[in-house]
There are 4 protein chains.
Amino acid sequence: MKKNKPKYKQIIDAAVVVIAEHGYHQAQVSKIAKQAGVADGTIYLYFKNKEDILISLFQEKMRIFIEYIEELIAGKQSASEQLFLMIEHHFRVLADNHNLAVVTQLEIRQTNKDLRLKINGILKEYLSLVDEIISRGMEKGEINSDLDVRLVRQMIFGTIDETVTTWVMNEEKYDLVALAPQVHKLLLNGCGAV
Amino acid sequence: MKKNKPKYKQIIDAAVVVIAEHGYHQAQVSKIAKQAGVADGTIYLYFKNKEDILISLFQEKMRIFIEYIEELIAGKQSASEQLFLMIEHHFRVLADNHNLAVVTQLEIRQTNKDLRLKINGILKEYLSLVDEIISRGMEKGEINSDLDVRLVRQMIFGTIDETVTTWVMNEEKYDLVALAPQVHKLLLNGCGAV
Amino acid sequence: MKKNKPKYKQIIDAAVVVIAEHGYHQAQVSKIAKQAGVADGTIYLYFKNKEDILISLFQEKMRIFIEYIEELIAGKQSASEQLFLMIEHHFRVLADNHNLAVVTQLEIRQTNKDLRLKINGILKEYLSLVDEIISRGMEKGEINSDLDVRLVRQMIFGTIDETVTTWVMNEEKYDLVALAPQVHKLLLNGCGAV
Amino acid sequence: MKKNKPKYKQIIDAAVVVIAEHGYHQAQVSKIAKQAGVADGTIYLYFKNKEDILISLFQEKMRIFIEYIEELIAGKQSASEQLFLMIEHHFRVLADNHNLAVVTQLEIRQTNKDLRLKINGILKEYLSLVDEIISRGMEKGEINSDLDVRLVRQMIFGTIDETVTTWVMNEEKYDLVALAPQVHKLLLNGCGAV
DNA sequence: AATGAATGAGCGTTCATTCAT
DNA sequence: GATGAATGAACGCTCATTCAT
């Protein structure tokens with residue numbers, strides 16, 4: 001399995017650095033190879049093509065992200081608490097990793113439709129997690145079950161995403177994690193929680 | 001004034017069609033010119049460069065959009081009603097114009113940082129409009145004035161944008177405009193309206 | 001005869017200014033038209049094409065130049081004196097007209113082979129004048145008649161031309177006309193004058 | 001060092017052929033690549049841009065030229081002899097290489113001011129060599145030391161250059177090398193040698 | 001005669017990918 | 001496995017010239 005070899009992660013980390021530093025359109029394969037300390041051709045022993053680096057990058061980070069959140073909310077009973085932990089973790093991960101924040105909020109979106117569809121495919125796992133929290137919240141009466149789950153999820157993800165993007169665009173001047181309680185309150189209100 | 005000459009609008013409309021059909025990176029100037037029924041060089045009598053077409057396109061559409069919404073909400077008293085009219089109009093414009101929806105939700109975002117910053121500059125007028133509705137709603141007691149206006153705006157815009165993007169990504173399979181009441185309700189709840 | 005109409009000279013003078021100021025490759029027809037105060041299309045009522053402007057420019061200036069020198073040397077007996085008057089006038093004309101100097105020494109030479117051949121055709125009149133001075137000098141015994149007239153002419157023209165070009169390249173920092181006596185002496189020595 | 005790799009010289013030689021054959025402005029990079037038997041992109045592994053090909057070409061040829069002349073005149077005592085060897089070698093190199101003669105006398109001069117300045121910078125090494133010969137000639141009493149070294153150099157270089165250009169323009173119909181003794185005599189006379 | 005909007009051919013350069021070593 | 005030199009397709013933009021008014 002190539003994904004477990006050291007150079008695989010090495011190249012992905014190099015890609016995050018290079019894309020964050022130079023922007024997606026200036027992140028040539030040769031630059032990524034140089035940053036990773038390997039030859040250009042070596043990239044193609046681990047990735048099908050340049051697009052595949054980006055997909056794998058997103059997949060890898062998302063996998064870790066989701067696994068962590070799943071652990072985090074595992075023992076919690078209330079949807080409200082689960083939602084809060086998710087929001088806070090989402091904010092914390094990106095606040096702690098400037099490069100990753102730039103890549104996911106700004107650079108990765110500069111890609112073509114096809115690539116974005118693939119990235120959306122990966123994102124679905126996260127969205128499913130949100131759906132589960134919502135559904136469980138409805139079952140327990142925490143969330144108004146008249147609402148459309150999909151719409152609620154779009155509100156939650158849209159708000160979180162927009163909040164992070166605005167923060168990145170404003171050069172991360174303020175404390176993102178500190179916004180978690182307010183965002184949580186807004187979203188919970190929206191859900192019709194009493 | 002070049003912006004009032006017929007070819008100016010002709011080229012912008014052609015750009016919307018070509019970009020929606022082929023994607024931003026496959027929207028060569030020659031393709032746009034052909035679609036507009038002018039020579040390649042004519043493009044440059046009306047636009048500084050290819051990037052300028054995109055900026056002008058967004059500016060032009062946003063100008064019409066904002067002017068229309070301003071008229072729409074002019075006589076309305078409640079922030080709730082104003083918000084609803086805005087959401088519905090936002091959805092309706094894009095639902096009525098498939099090409100424009102694809103361009104604004106997917107293609108325009110594939111551009112480099114500089115261009116995105118310019119586009120964000122144009123978007124600010126819309127966001128200001130939202131801010132005004134929120135502020136007025138707070139003054140009247142419709143919206144919980146303890147909330148951060150910026151966060152509320154991010155929730156509103158983030159939710160609307162995410163809703164439209166999801167709809168476009170799902171190949172516009174369902175009725176977007178019909179979602180307006182539910183989205184409106186969600187957002188109003190979020191704002192702490194009683 | 002178009003050459004006698006005011007706009008003909010107007011355009012040629014504009015071309016000298018524009019080419020000197022912006023360089024040959026940045027001297028677009030539209031710039032020349034603007035400088036001349038006429039419409040782009042008007043240029044083509046007086047000149048076949050852009051190349052024709054340059055040829056006519058050179059022809060016009062050279063005609064005046066030669067006519068003047070012919071008058072100047074008309075009454076003079078010695079080839080030495082004729083040569084001196086020619087050198088001095090050559091230097092003076094270009095020293096007095098910065099733009100013309102830049103155009104003839106630097107910019108006009110940036111043209112393609114065909115155009116340079118045409119320009120050389122015009123230059124031949126000047127070279128013939130030099131040949132005549134040399135031949136008469138040989139007849140009178142002022143110049144060593146064993147020498148090849150063509151080679152002597154190449155020395156004379158080559159030296160004058162190189163001297164002016166070096167002066168232009170050095171930003172005309174020193175007095176070109178003041179060099180005439182020394183250049184004259186050098187060339188006369190070269191001709192074997194005693 | 002890229003300059004020692006075979007493809008470096010291969011591309012320069014191809015450039016000489018293509019520029020001589022089609023003229024500078026019709027010497028597209030793709031034509032040069034084809035002539036050199038490499039891909040278009042390969043050019044850019046060895047040269048910064050098209051302009052750089054021309055500069056390197058001139059630099060390379062000038063380097064060989066100067067090195068050869070320096071060896072040639074190393075053991076010679078008289079400035080007269082040194083001057084003759086230089087003139088003859090100058091003529092011989094260009095007479096032996098039609099393409100190079102066309103490129104240096106006609107095509108290379110069609111370039112813009114910036115490029116011409118760079119080329120002049122390279123030419124300075126040659127002009128310095130001439131200056132040295134003149135200075136040494138003055139020390140030894142072979143050349144009239146009242147003369148301005150710069151003017152003498154301009155006469156020497158101007159005459160040689162004009163002679164070669166005239167020969168190229170006349171389609172190289174006569175024997176250029178055979179002119180060396182006469183040109184040498186003319187110049188030596190000019191220098192005031194007895 | 002004069003205008004100036006419109007035309008459209010033409011090219012230097014980048015960079016993802018390959019493959020011989 | 002690892003290398004990195006070589007490949008070659010693809011495109012935004014300029015500007016001399018035309019021609020309807």
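Predicted model only: the values in this text are computed from it and were never measured. Naming convention: chains lettered A, B, ... in sequence-line order (proteins, then strands); numbering from 1 in each chain.
- Proximity of C/K113 to D/Q26: side-chain heavy atoms (C-beta onward) are nowhere separated by under 4.5 Å.
- Note: D/K50 NZ to D/Y44 OH = 8.5 Å, rounded to the nearest 0.5 Å.
- For the pair B/E51 CD and F/dC11 C1', the computed distance is 16 Å after rounding to whole Å.
- The shortest distance between side-chain heavy atoms of C/L117 and D/M169 falls below 4.5 Å.
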Report the C-alpha distance between D/R63 and D/K61 in whole Å, list the side-chain angles of each, state the deciding distance to 0.1 Å, and finish with yes or no for side-chain contact (heavy atoms from CB on, under 4.5 Å).
-> CA-CA 5 Å; D/R63 192 180 52 74; D/K61 299 300 179 188; over 6 Å; no
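- Contacts of A/K7 with the nucleic acid, taken as non-hydrogen atoms under 4.0 Å apart, involve only primed sugar atoms and P, OP1 or OP2.
- Non-hydrogen atoms lying under 4.0 Å from DNA chain F are contributed by C/Q26, all within residues 15-27 of chain C.
- Residues of residues 33-49 of chain B that place a heavy atom closer than 4.0 Å to DNA chain F, in numerical order, are B/D40, B/G41, B/Y44, B/N49.
- Between the side chains of C/K31 and C/Q28, a donor-acceptor pair is found at a separation under 3.5 Å.
- For CD of D/E171, the number of neighbouring non-hydrogen atoms (other residues, nucleotides, ligands) closer than 6.0 Å is 12 at most.
- The pair D/D13-D/K7 does not count as a salt bridge, with every side-chain nitrogen at least 4.0 angstrom from each carboxylate oxygen.
- Look at NZ on D/K50: it is 8 Å from P on E/dC11, rounded to the nearest Å.
- Rounded to an integer number of Å, the gap from A/L54 CG to E/dA16 C1' is 14 Å.
- You'll find the side chain of D/Y24 reaches within 4.5 Å of the side chain of D/L54, heavy atoms only.
- F/dA2 atom P lies 15 Å from atom OH of A/Y8, rounded to whole Å.
- Summarising the geometry, the separation between CD on B/Q10 and P on E/dA5 is reported as 16 Å, rounded to the nearest angstrom.
- What separates CD1 of C/I32 from C1' of E/dG4 is a distance of 17 Å, to the nearest Å.
- Across all strands shown, D/V29 has heavy atoms under 4.0 Å from base atoms, whether or not it also approaches the sugar-phosphate.
- The distance from atom CG of A/L115 to atom C1' of E/dA16 is 15 Å, rounded to the nearest whole Å.
- In DNA chain F, consecutive stretches of 3 or more Watson-Crick or G-U wobble pairs with both distances under 3.5 Å are given as paired ranges: E:2-21 with F:2-21.
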C/V103 and C/F58: CA distance, side-chain angles, deciding distance, side-chain contact (heavy atoms from CB on, under 4.5 Å) verdict | CA-CA 9 Å; C/V103 171; C/F58 195 66; over 6 Å; no
Let me see the working for B/E60 and B/Y8 under side-chain contact (heavy atoms from CB on, under 4.5 Å), right down to the final yes or no.
-> CA-CA 11 Å; B/E60 192 71 10; B/Y8 180 83; 3.9 Å; yes
Between B/Q10 and B/K5, is a side-chain contact (heavy atoms from CB on, under 4.5 Å) present by the stated rule, with each step listed?
-> CA-CA 9 Å; B/Q10 207 170 316; B/K5 296 198 178 173; over 6 Å; no
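- A straight line from CD of C/Q28 to C1' of F/dT14 spans 8 Å, rounded to a whole angstrom.
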